[in-house]
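Structure record follows, encoded as structure tokens.
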Amino acid sequence: MLLHRPKAGVAATVVAFLVAFALPPIAALAQARDGAGEARRVVVLNGTDPYLPAFIAIDGSLRAAVRAGHPAPTEFYAETLDMARFPRTAIEHEALALLRKKYRGLKVDVVVAVETDALDFAQAHRAELWPGAAIVFHSVPPDALRLRRLEPGTIGVPVRLEFGPTLELALKLKPAARRLAVVVGASEIDRRFESLARAAIAGHAGRLEVDFVVGLPLADSLAAVRALPADAIVLYVAMFRDGAGVPLVPRDVLTRIAAASRAPVFGVFETYLGDGIVAGSIASYEAQGRRAGELVARVLNGEDPAAIGAQTPVAPGCIADWRQLKRWGVDARLLPEGCEVRFREIGPWERYRWQILAVLVVILAQAALIAALLVQHARRRHAELALQRHRGELFHAARLATMGELTASIAHEVNQPLGAILANVDAADMLLESGNVPREALREILADVRRDDLRASEVVRRLRALLAKHETAHERLDVNATTAEVLRLLAAEIRRRGVEVTTEFDPQLPDVRGDRVQLQQVVLNLVVNAMDAVADLTAGRRRVLVRTRSIAGGRVEVAVSDRGPGIAAEQIEKLFDSFFTTKPRGMGLGLSIARTIVEAHGGRIWAESDGRSGATLRFTLPGAQPAAAPVLVERPT
Amino acid sequence: MIELVISLSAQAAGGASGPAAAAATPHTIVLVEDDDGLRSALVRILELAGYRVESFATAEDVLAAGAAARAACIVCDVYLPRESGFALCRRLSQAGSQVPVIFITAHDLPAVRAEAEALGAADCLIKPFAGRRLVAVVRAALTSA
């Protein structure tokens, strides 16, 4: 692009200068370098198009092999005869003239002849153009060599075009095939390949019905493969030029043939792989280029070509295209052993196997850890639930025990209204017997019966609430009302024992959160204990004071004081221990359970006494906070 | 109500007490029961049976009113607030009272019955009891007295 930038006038001046002075010194410069004895020269003479993908691939590995085998500086000159497009007879004279001019006086060491035309040309004109140069050929089939006489100083690597083995491979991969379409172009090279293909196919004539799609315009060739039945196979040979005379790149034609074809396509050139053929018996370009390059290097290193001698062809091998195998549903297991499969679509597993394994290991480790933690959590939760259940059962048992002590009072509480009902019923009966029944009097009696009945059922309800096993509740509670209810339940017992229970309830008391029955159990326990403490005092001195008040931090305090003998200092500390009791028939569980309940509600319980005149047991509870949650559970049975 | 009581009391005095029922004025029964509901029911049945009833909730109130002196029979609950029914009975005996006492209690305990007997109670009824039974017991106590 940059060369086109200068203005036309300047360019013209430069060209004129070059014509006038520069041409003779080109050879002079080259010779001067030759005189320095450093660089060796290699001319790569291509008979067709050096930019064909195959030749680009071969040339790359050839030059690499030369550099590897002959480290000294080597100059490469590229020449093309392009005889696939331009018939030899038409341009040979001019091409020769040009080359004669270019290489006059230039010492060339090796001429690499690419393709049969180049080999013929190089042998014919070596003495004139590149005297003393060795010829190293490649991309020439053995059949072509058989027809030629190789001059001394000409060596090379033949290449076999494996039409026969490729056809056998195709039949192996598609055993049901009954038809074969052979697609070939119309150029001279195409025809040369065609004759090789025909010779190979002749061996399978009995088994296959063969269509030769030869020398047709490209569109017709495409139509022909498009019309093939499913049980066909296609052997694509080459198409340098189609029947309409359009020059083409065989690989590009293959792409279109493969796209149009209804049958799998096979071929013998490596460049066809990846562009539509399923597989083929193919000589690798890399190997061809490398082996030719090694010969060039040996010659440059001073070996006599005659001593190097004739070379065996590059060994072809099975090469397949993974994507085409899949496209045509060909089972890859049918491929011969050692067949190279290219373009294998590497799955995520093959591509990232170690990463995936590492991630899996991490995930598994994490999963195991999580599972272990979950199991541990479940076990702990199970244990906690069991503990709570046992505690709930213990609480319940303790309540039953406490209430058992109050049986007489409870019977009394129920019997009072029942007695009243019986008396009233008899009264009504007597009224009826008298014959003179004032409706008003009867109504009064019935109202009393109803009231007493409700009273009795209220006692039963309170009892049942306290005695039944229940799921721990977590409700807002008015401590005053909760405490008063306990005292109502105890009323008969209080009377029976001749105790005077007074209450001082703080009307401004905040609510608490918790389980009503459990807190009532605590109050019940404290009041019964207090009554026990004053039992031995004379009637007028059996006093118990139940007090509630709000204290700092929005907490609630409930205190039960008695005027009993007090608690000795050494007993105060053990008071809330399990199985510690001062009572002859006590189990020593009441206060221990009270402490458990209070602490589960986020509170504290303690005793105060001077050891002489009475004792006060206090417990505090946090005011109702949304988050305060007791954890005790009693299951309903 | 008063008319009714009078008519029934005449019937009661003439019927159940038999010909021996000389008193034209009804007997006064002193009832001590702290339970309001039961007390009013017992008052009602005793009045229907033809008695005059003075009822109290505590032993102290009985003493304060000097009701024992007017009583033909005392029906008394055992467990009362502060002073018990037994204590009241004891006081009255000590003061020379000969009035028959009938204890009523919800505590059907041997100890309670024993104490009642020891105090010379005319009877001891265990709650709940039928109203007619109380009337019968009162009548018996009055007769034997």
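In this text, all values refer to a predicted model and were calculated from it rather than measured experimentally. Here is the naming used below: chain letters follow the sequence lines, and residue numbers restart at 1 for every chain.
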- Verify side-chain contact (heavy atoms from CB on, under 4.5 Å) between B/L48 and A/E433, making sure each step is shown before the conclusion. CA-CA 11 Å; B/L48 280 171; A/E433 278 177 10; over 6 Å; no
Contact class of [X] relative to chain A, heavy atoms under 4.5 angstrom:
X	answer
B/I126	neither
B/S40	side chain
B/E33	side chain

- Task: Find the one option among A/D452, A/V414, A/L422, A/I421 whose heavy-atom pairs under 4.5 Å with chain B are most numerous.
- Result: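 The answer is A/L422.
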Does any backbone or side-chain atom of [X] lie under 4.5 Å from a heavy atom of chain B? Answer side chain, backbone, both or neither.
X	answer
A/I494	neither
A/R451	side chain
A/E444	both
A/D448	side chain

- All pairs passing ring-ring contact (aromatic ring centres under 6.0 Å, His included) where residues 82-101 of chain B contributes a residue, at least two apart: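 Sorted pair list: B/F86-B/F103.
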- Taking B/V78, B/D108, B/L134, B/D34 one by one, which has the highest count of heavy-atom pairs under 4.5 Å against chain A? B/D34
- Message: If the contact rule is any heavy atom under 4.5 Å from chain A, which residues of residues 59-67 of chain B qualify, in numerical order?
- Response: none
- Message: Checking A/R488 now: which residues fulfil side chain to side chain contact (heavy atoms under 4.5 Å, CB included) with it, not counting sequence neighbours?
- Response: A/R462, A/A484, A/E485
- Message: For the CZ atom of A/R496 and the OG1 atom of B/T105, what is their distance to the nearest 0.5 Å?
- Response: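 Reported to 0.5 Å precision, the distance equals 10.0 Å.
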- Query: Crowded around B/R132 CZ? As in, over 12 foreign heavy atoms under 6.0 Å?
  - Reply: yes
- Around A/E458, counting heavy atoms of other residues, nucleotides and ligands shown, do more than 12 lie under 6.0 Å from its CD?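 Yes, the 6.0 Å shell around CD holds more than 12 heavy atoms from other groups.
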- Check A/A427 against B/I45 and note the closest heavy-atom contact, atom names and distance. N-CD1, 3.1 Å
- Task: Grab the two heavy atoms, one from A/A423 and one from B/L42, that are nearest each other, plus how far apart they are.
- Result: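 So the two residues come closest at CB-CD2, 3.8 Å.
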- Charged N to carboxylate O under 4.0 angstrom, B/D35 versus A/R455?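 Answer for the salt bridge query: yes.
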- Kindly state each residue pair satisfying salt bridge (charged side-chain N to carboxylate O under 4.0 Å, His left out) with at least one member in residues 62-77 of chain B, sequence neighbours excluded.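 Qualifying pairs: B/E54-B/R70, B/D77-B/K127.
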